[in-house]
Trainee: 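I am attaching a structure below and will ask some questions about it afterwards.
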Amino acid sequence: MTVEQIPVTGRPGRRPAARPARTAPAERRRISMTGRRHRAFYLFTAPWTIGFLLLTVVPMAYALWLSFTTYDGISPNWRYVGLGNYGELFSDPQTWKSLGRTGLFAITSVPLSIIAGLGLAVLVNRPIKARGLFRTLLYLPAVVPPVGAGLTFKALFDQNSGAANGVLTLFGFDALGWLADPYARYVLLMSVLWAAGNVMIISLAGLQDVPRELHEAARIDGASAWRTFRSITVPLLSPVLLFQTVTGVIASVQTIMPLLLTPDGTTAGVTALPQSNYLYMMHVFSQYFALGRYGYASALLWVLFVLILIATGLIFRFTSGVVFYNVDPEAKK
Amino acid sequence: MTATSLPPDSAPRVRIRVHRLVLYTVLVAVTGLFVGPFGWLVLSGLKTPAELAASPVHWLPSHVQWHNFADAFHLIDFLGYARNSLIIALIYATLVTLSSAWVGFGFARLDAPGKKTLFGILIGSMMLPQMITLLPTYLIFAKLGMVDTYWPWVFWGLAAAPYLVFLFRQFFAGLPRELEEAAIVDGCGYGTIFWRIFLPQSWPVLSASFVIAFTWSWGDYIAPQLLLSTDRSTLAVAVMSTYVTSAGTPVANLQAAASVMYVVPILLIFLVAQRGFVAGMSTTGLK
């Protein structure tokens, strides 16, 4: 509390004042205020730093420890097996298959929902009647909780009573077993695209920040609508799109929708999933819940964690040249 | 909005009209695709089990079974589960909104050595799949005897959520510096500045954050399934797994009716908060 006691050491020239001091206030007060800001910063960020340590770092470390053991939660005879779980994991064909499916799912679902969401945003950013209503209706599926979405898609793609097969038979096609192999993956993809309103709403906010003058200038220069979109809108939205890509990839890795699309929809029934929807996280669940292999499942989780780090690193790396940041807050009038 | 900008010749006028026709057709068709599935769920909830099992599809229920909704309400302790969901969601959303605003203020308006690193970790932790931490967290909570209590949600709430922190940071960073300068000169502490000056300015983000967090919690399926016993669990879990006959066969029509009742509160909350929500997302600051 005694702010005056903060020693006037350190590197005074290192941190310039936010703007050049116009009237040269008392040096002493400036320094003490810096100290106060420092302490306030740590105080303000403490809930997150402490929470992060206790609720993320500690569990992650615990999982790392478990991944070297045969812990199953019940048996007292668990033992340390070193890298045994990791060795098993790499030779487990299910790991590779489910990993491949997860990668494929992310690579298809993320770009598709970004394109769909951006398209919707452009559509409802136009001066149209009942714009608010359209925006709301398109966004609504994105707020439907996973369980609601799972049950909705189950009803929609039910072999007998589903509307999807209703439409197919209406046009003389055979009814399909949508929720089984090999179609289950498409139902999963559609359930993700159904929530494209999430991308829409964030892109819409980004679109509204695009200065109107830029578009007008481009139009005067004779640029087509597509050209304007490509050369002005997309670059200005690129940070938003990058954010969507990264969060989209991470969300798609941990989707539990396949689970909710199964007949009994519980974690115990994870082994009954159609093959095409047996994603990596499902493999983790099946080891964790169905088999109680906490050690092995923890090793799977850690591998996934490292893979996600690598994937996000690569995304940032490859987009660093094309993402346009306008971070200078002073430039914004 | 078009009358003033129309050129005198009529060819572009026709083109604009065709253009608008296409635009509205696309818009209505796409909206239909997005709303349709939900309509189908409602219809499924109004049919008899026989109709749901029949093939080919019965598009409309021959006799609308309104009582399905009442039956779904009584077959399980719907109200009890709804209350559990509500308690958890309110605890979590309130705490996490306040803690995230608090942390977001720190990252937006204050600094100290290590700020960049901390912020990097915060953003990085957004990329950390929660599912990865959830399973070991569950084991730890189990060891601490906090399984089947709502304490985990209190802790998760107090710990702030990186996504919401980022939302608040963006918003607070956009506010003019003059806002706190006078208060600092007057000797106000940062706590006062946050509480009295910044928080009242940020109702769009506050409501957005609350809605987002409430939706997360209401929609969360894995955490309550892991941490809570059947009685104390949430509607999300109950709707998914308890609609079965005594013989164990699922009752699809009641489950559909129940999931409508489960989803509608979220839709209503969103509709009410929509204005503030969109404004909050655009993080425009003072205008």
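Chain naming here is simple, since letters A, B, ... match the order of the sequence lines and numbering starts at 1 in each.
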Trainee: May I ask you to decide if the ring planes of A:Phe289 and A:Phe285 are parallel, tilted or perpendicular, using 30° and 60° as cut-offs?
Mentor: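 A:Phe289 vs A:Phe285 ring planes: tilted.
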Trainee: Please flag which part of B:Thr215 lies under 4.5 Å from any non-hydrogen atom of chain A: side chain, backbone, both or neither.
Mentor: side chain
Trainee: Is the B:Phe105 ring parallel, tilted or perpendicular to the B:Phe172 ring (thresholds 30°, 60°)?
Mentor: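 Ring orientation of B:Phe105 relative to B:Phe172: perpendicular.
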Trainee: Please confirm whether the backbone N or O of B:Ala89 pairs with a side-chain atom of B:Trp153, one donor and one acceptor, at under 3.5 Å?
Mentor: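 It does not hold such a pair.
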Trainee: With a 4.5 angstrom heavy-atom cut-off, could you sort out which part of A:Val167 is near chain B: side chain, backbone, both or neither?
Mentor: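 Looking at A:Val167, backbone and side chain both touch chain B.
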Trainee: Locate the shortest heavy-atom distance separating B:Leu175 from B:Arg109; write the atom from each residue and the value.
Mentor: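 Looking at all heavy atoms of both residues, the closest pair is O-NH1, 2.8 Å.
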Trainee: Can you tell which part of B:Leu134 gets under 4.5 Å to a heavy atom of chain A, answering side chain, backbone, both or neither?
Mentor: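 Neither the backbone nor the side chain of B:Leu134 comes within 4.5 Å of chain A.
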Trainee: Which region of B:Leu158, side chain (C-beta onward) or backbone (N, CA, C, O), has a non-hydrogen atom less than 4.5 Å from a non-hydrogen atom of chain A, or is it both or neither?
Mentor: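 Answer is backbone: N, CA, C or O of B:Leu158 sit under 4.5 Å from chain A.
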Trainee: Under 4.5 Å from any heavy atom of chain A, what part of B:Thr137 do you find: side chain, backbone, both or neither?
Mentor: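 For B:Thr137, the contact with chain A is made by backbone and side chain together.
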Trainee: Where does B:Phe107 contact chain A at under 4.5 Å (heavy atoms): side chain, backbone, both or neither?
Mentor: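 Both backbone and side chain.
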Trainee: Angle class for the B:Phe166/A:Phe243 ring planes (parallel below 30°, perpendicular above 60°, tilted otherwise)?
Mentor: parallel
Trainee: Which bit of B:Trp40 is near chain A, if near means a heavy-atom gap under 4.5 Å: side chain, backbone, both or neither?
Mentor: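 Side chain only.
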Trainee: Contact part of A:Leu156 toward chain B, heavy-atom cut-off under 4.5 Å: side chain, backbone, both or neither?
Mentor: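 For A:Leu156, heavy atoms of backbone and side chain both lie under 4.5 Å from chain B.
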Trainee: Under a 4.5 Å heavy-atom cut-off, does chain A meet the side chain of B:Ala236, its backbone, both or neither?
Mentor: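 Answer is both: backbone and side chain atoms of B:Ala236 are under 4.5 Å from chain A.
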Trainee: Quick check: A:Phe153 with A:Trp194 (ring centres under 6.0 Å apart)?
Mentor: yes
Trainee: With distance as the sole criterion, is a donor-acceptor pair present between the side chains of A:Tyr62 and B:Lys143 under 3.5 Å?
Mentor: yes
Trainee: Pick from A:Gly197, A:Ala251, A:Pro141, A:Gly150: which one has the most heavy-atom pairs with chain B under 4.5 Å?
Mentor: A:Pro141
Trainee: Can you classify the ring geometry of B:Phe141 versus B:Trp156 as parallel (below 30°), tilted (30 to 60°) or perpendicular (above 60°)?
Mentor: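 Perpendicular.
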Trainee: Which residues from residues 292-301 of chain A are near chain B, with near meaning under 4.5 Å between non-hydrogen atoms?
Mentor: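 Hits under 4.5 Å: A:Tyr294, A:Leu301.
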Trainee: For each of B:Val263, B:Ile132, B:Val239, tally heavy-atom pairs with chain A at distances under 4.5 Å, and name the one with the top tally.
Mentor: B:Ile132
Trainee: Examine whether an atom of B:Leu235 lies under 4.5 Å from a heavy atom of chain A, and if so say whether it belongs to the side chain, the backbone or both; otherwise answer neither.
Mentor: neither
Trainee: Looking only at the aromatic ring of each residue, does the gap between the centers of A:Tyr139 and B:Phe270 stay below 6.0 angstrom?
Mentor: yes
Trainee: Given a strict heavy-atom distance threshold of 4.5 Å, which part of B:Pro162 is in contact with chain A: side chain, backbone, both, or neither?
Mentor: side chain
Trainee: Which distance, rounded to the nearest 0.5 Å, do you find between the CG of A:Leu54 and the CD1 of B:Ile140?
Mentor: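 One gets 9.5 Å once the value is rounded to the nearest 0.5 Å.
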Trainee: Below 4.5 Å from any heavy atom of chain B, which atoms of A:Phe305 appear? Answer side chain, backbone, both or neither.
Mentor: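 Both the backbone and the side chain of A:Phe305 come within 4.5 Å of chain B.
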Trainee: In terms of heavy-atom proximity below 4.5 Å to chain A, should B:Trp216 be classed as side chain, backbone, both, or neither?
Mentor: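 Neither part, no heavy atoms under 4.5 Å.
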